[in-house]
There are 2 protein chains.
Amino acid sequence: MTTEKKLVAAAAALLDAGGEQAVTLRAVGRAAGVSHNAPYKHFKNRDALLCAVAAADLAEMAAALKQVRQSSAKPAKKLTQALKGVIDYNAKHPARYQLLLNDPRFATLEGDLKQAAYSHFDEFDSIVRECQAAGELPDVAHITLSGLLFATVHGLISLEASGRMKREKGLAGVVPSLELMVKLLALAKKGSQPAS
Amino acid sequence: MTTEKKLVAAAAALLDAGGEQAVTLRAVGRAAGVSHNAPYKHFKNRDALLCAVAAADLAEMAAALKQVRQSSAKPAKKLTQALKGVIDYNAKHPARYQLLLNDPRFATLEGDLKQAAYSHFDEFDSIVRECQAAGELPDVAHITLSGLLFATVHGLISLEASGRMKREKGLAGVVPSLELMVKLLALAKKGSQPAS
DNA sequence: ACCTGAACACCGTTCAAGT
DNA sequence: ACCTGAACACCGTTCAAGT
C-alpha cells in the first residue's frame with residue numbers, strides 16, 4: 001500500500017475511533033509508520049487529508065448505491081435500500097459521515113470529492129426515476145425530488161446525531177419518519193391523479 | 001452587562017466573523033475585556049461556552065417562532081414563515097447555525113439547551129397542527145410530521161451549506177425544494193381522502 | 001466571588017537537511 | 001521524490017496568587 005493510501009486509511013480509522021479531534025497529524029503519522037509531517041508530502045495540509053477521506057467514503061457510498069440500482073429488486077425496495085444505506089453509514093462511521101455530508105470546510109467541491117459527489121447523486125437519482133416510472137413517486141422534476149428525499153434522510157440523521165430529535169419529545173426515529181415520508185409521497189402521487 | 005453575557009456575546013460575534021476556529025478563548029477574553037482564562041470562572045471549558053451560545057440562539061429562534069404562531073396569518077402562511085425563519089437564520093449566522101443544529105458535541109442536551117430545544121420544537125409543532133386543522137397538511141401523527149418537515153428544511157440547508165447540493169447538478173435551491181415538499185404534502189392530504 | 005499572569009502539554013505548519 | 005528532526009507560533013487548560 002502506498003504511503004498516501006496508508007495516511008488516508010489511518011485518518012479514517014482515527015475518525016472512527018475518536019472523532020475528528022483524534023485525527024492529529026502526529027497520530028496519523030504514527031499509525032501509518034511515518035513521521036508527523038510526512039503527510040505534507042502528500043497533502044497540502046490537514047484539511048486536504050480529511051477531504052481525501054471524505055472523497056473515498058463518498059466514492060464507496062456511490063459504489064454501494066450502484067449495486068442497489070443494478071440489483072433485481074423492485075424500485076420501491078431499491079429506494080428503501082438506498083436510504084437505509086445512508087443511515088447505516090452514519091451508524092457505522094458517525095464522524096466520517098459528519099465530515100462527508102455536514103462539513104462546510106469542503107464546500108467548494110474539487111477534484112475527487114466533486115467527482116464522487118456527482119456520481120453518488122446520479123446513482124440515487126436513477127433509483128428515484130425508476131420509482132417514478134413504476135408509479136411509486138409523484139411525477140415532479142426528478143432531480144428536485146431526489147434532492148428532497150436525500151435532504152430528508154440526511155436531515156433526520158443529522159438532527160438525531162446532534163441530539164436535537166430526541167424520542168422524549170414523542171418523535172419517531174429516523175426509519176419510521178422516512179417510512180412516513182415515502183408513504184406520503186405515494187399518497188401525493190395518488191392525489192395528483194384523482195381521475196385514475 | 002454581566003461578564004458571563006459579555007463572553008457569550010463575544011463568542012457569538014467571533015463565530016459570525018470567522019467561524020468556529022476564530023473562537024479562541026484568548027480572542028473571546030480580549031473582546032470581552034477580560035483575560036484569556038476568565039471564561040473558566042463562568043464556564044467549565046470552551047465547549048460549555050459554545051453550548052451557551054447555541055442555547056441562547058435556540059431560545060431566540062423559539063421566540064421568533066412564537067411571534068409567527070401568535071400572528072394573524074393563515075396557517076399555511078405561518079408554516080412558510082417558520083421555515084423561512086430557519087433558512088434566514090442560517091444565512092445570517094452560518095457558523096452559529098452549524099453549532100446549533102449540526103454539532104454532535106452537545107448531543108446530550110442539558111439545562112438551558114434542552115429547555116430551548118423543547119420550546120422551539122413545541123412552537124413549530126403547534127404551527128404544523130394548525131395547518132392540519134386547516135386541511136393543509138395530512139392527518140398523520142403531528143409530532144412525526146413536524147419532525148419530518150423540520151428535518152427536511154434542515155437537511156436542505158445543511159447539504160447546501162456543505163456544498164453537496166450544488167445547482168450545477170440541476171438541483172433546485174432550498175426554497176423551491178421546500179415549496180415542492182409542502183405542495184406534495186398537500187397532495188398527500190388530497191390523496192388520502194378520495195371520497196371528499 | 002472573580003480575575004490575572006505564568007506555565008504546561010499539545011498541535012499545525014515550516015524549514016533546513018538527509019537519502 | 002520522499003522523508004525526518006528541530007523549531008515556531010498558537011491554543012486549551014491548570015495553578016498559584018492577587019483583590
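Below, read A as the first sequence line, B as the second, and so on, with proteins coming before strands; counting in each chain starts at 1. Bear in mind the structure is a predicted one, so any value in this text is a computation, not a measurement.
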message: Using the rule side-chain contact (heavy atoms from CB on, under 4.5 Å), only one of Asp125(A), Asp57(A), Leu65(A), Leu100(A) pairs with His120(A); which is it?
response: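 Between His120(A) and the candidates, side-chain contact (heavy atoms from CB on, under 4.5 Å) is satisfied uniquely by Leu65(A).
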* Contact nearer the 5' end of DNA chain D, comparing Gly33(A) with Asp47(B) ->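 It is Gly33(A), whose closest nucleotide lies nearer the 5' terminus.
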Go through [options] for me and flag the one nearest to the [X] side chain.
X: Asn45(A); options: dC3(C), dT13(D), dT13(C); result: dT13(C)
X: Lys41(A); options: dC11(D), dC11(C), dC2(D); result: dC2(D)
X: Ala38(A); options: dT4(C), dG12(D), dT4(D); result: dT4(D)
X: Arg46(B); options: dG12(D), dT4(D), dT4(C); result: dG12(D)
X: Arg26(B); options: dC3(D), dG12(D), dT13(C); result: dG12(D)

*Less than 3.5 Å between a donor and an acceptor, one on the side chain of Asn37(B) and one on the base of dG5(C), is that the case here?*
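Indeed, a donor on one side and an acceptor on the other fall under 3.5 Å apart.
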Dot-bracket assigned to DNA chain D with the 3.5 Å Watson-Crick/G-U criterion, [ ] for crossing and | for other-strand pairs, is ||.|||||...|||||.||
For the pair made of [atom1] in [X] and [atom2] in [N], what is the distance, rounded to whole Å?
X: Leu50(B); N: dT13(D); atom1: CG; atom2: P; value: 10 Å
X: Lys6(A); N: dC2(D); atom1: NZ; atom2: P; value: 14 Å
X: Leu49(B); N: dC11(D); atom1: CG; atom2: C1'; value: 15 Å
X: Leu7(B); N: dC3(C); atom1: CG; atom2: P; value: 8 Å
X: His36(A); N: dG5(D); atom1: NE2; atom2: P; value: 9 Å
X: Tyr40(B); N: dC11(D); atom1: OH; atom2: P; value: 12 Å
X: Phe43(A); N: dG12(C); atom1: CZ; atom2: P; value: 15 Å
X: Gln21(A); N: dG12(D); atom1: CD; atom2: C1'; value: 12 Å

Can you give each donor-acceptor pair under 3.5 Å made by side-chain atoms of residues 174-183 of chain B, sequence neighbours left out, with the distance rounded to 0.1 Å?
{"unit_1": "Ser177(B)", "atom_1": "OG", "unit_2": "Gly173(B)", "atom_2": "O", "d": "2.7"}

Strictly below 4.0 Å, N to O, side chains only: are [X] and [Y] in salt-bridge contact?
X: Lys84(B); Y: Asp88(B); value: yes
X: Arg46(B); Y: Glu20(B); value: yes
X: Glu123(A); Y: Arg69(A); value: yes
X: Lys189(A); Y: Glu136(A); value: no

Could you check, using the six-membered ring where one of them is a Trp, whether Phe150(A) and Phe124(A) have ring centers closer than 6.0 angstrom?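 Ring-ring flag for Phe150(A)/Phe124(A): true, centres closer than 6.0 Å.
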Please tabulate, one pair per line, all N/O donor-acceptor pairs under 3.5 Å involving side-chain atoms of residues 5-13 of chain A, not counting sequence neighbours.
none

Between His42(A) and dA1(D), is there a contact of a side-chain N or O with OP1 or OP2 at under 4.0 Å?
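For dA1(D), OP1/OP2 do not have a side-chain N/O of His42(A) under 4.0 Å.
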Would one find a side-chain N or O of Thr3(A) under 4.0 angstrom from OP1 or OP2 of dC3(D)?
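True: Thr3(A) side-chain N/O within range (under 4.0 Å) of dC3(D) OP1/OP2.
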Next on the checklist: Classify Val28(A) by what it touches in the nucleic acid, base, sugar-phosphate, or nothing, heavy-atom distance under 4.0 Å.
Outcome noted: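 No contact at all - Val28(A) keeps every heavy atom at 4.0 Å or more from the nucleic acid.
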